[in-house]
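Below is one structure, written out as structure tokens; the observations come after it.
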Amino acid sequence: MGRGVLANKAAIVTGGSSGIGRATALLFAQEGAAVLVFDLDRAGGESAVQDMNGAGGRGTFLTGDVSVAADCQQAV
């Protein structure tokens with residue numbers, strides 16, 4: 001990972017711990033983006049980040065709720 005259409009880009013993926021959000025986060029990392037997985041599900045989010053980092057991507061997890069403005073500000 002690291003090279004791709006999203007190289008040198010950053011992405012925040014809300015709901016990135018499972019389902020479509022997780023698949024999106026993994027694809028963004030595969031395409032070279034540094035990805036922040038932002039979700040309430042700590043275990044799922046950390047697992048997604050482990051998958052990204054284990055495959056050579058750059059992922060970070062942050063616990064947060066998109067309905068809370070302070071959480072969103074912290075993520076950005």
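Numbers for residues simply follow the sequence, beginning at 1.
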Please check if the side chain of Glu31 supplies one atom and the backbone of Gly4 the other of a donor-acceptor pair under 3.5 Å.
no

Ignoring hydrogens and angles, tell me if any N or O in the side chain of Thr24 forms a donor-acceptor pair with the backbone of Ile20 under 3.5 Å.
yes

In short, Ala48 meets Gly16 closest at the heavy-atom pair CB-O, 3.7 Å

Rounded distance (nearest 0.5 Å) linking atom [atom1] of [X] with atom [atom2] of [Y]:
X	Y	atom1	atom2	value
Ile12	Phe28	CD1	CZ	11.5 Å
Glu46	Ser17	CD	OG	10.5 Å
Thr63	Leu40	OG1	CG	7.5 Å

Donor-acceptor pairs under 3.5 Å, side chain of residues 65-76 to any protein atom, not counting sequence neighbours: which ones?
residue	atom	partner	partner atom	Å
Asp65	OD1	Ser67	N	2.9
Asp65	OD1	Ser67	OG	2.8
Asp65	OD2	Ser67	OG	3.3
Asp71	OD2	Asp65	N	2.9

So, applying side-chain contact (heavy atoms from CB on, under 4.5 Å) with Val49, which one of Leu26, Val37, Leu62 is it?
Val37

State which residue, out of Met52, Arg58, Gln30, fulfils the side-chain contact (heavy atoms from CB on, under 4.5 Å) condition with Val35.
Met52

For Thr60, side-chain contact (heavy atoms from CB on, under 4.5 Å) partners two or more places apart:
Leu36

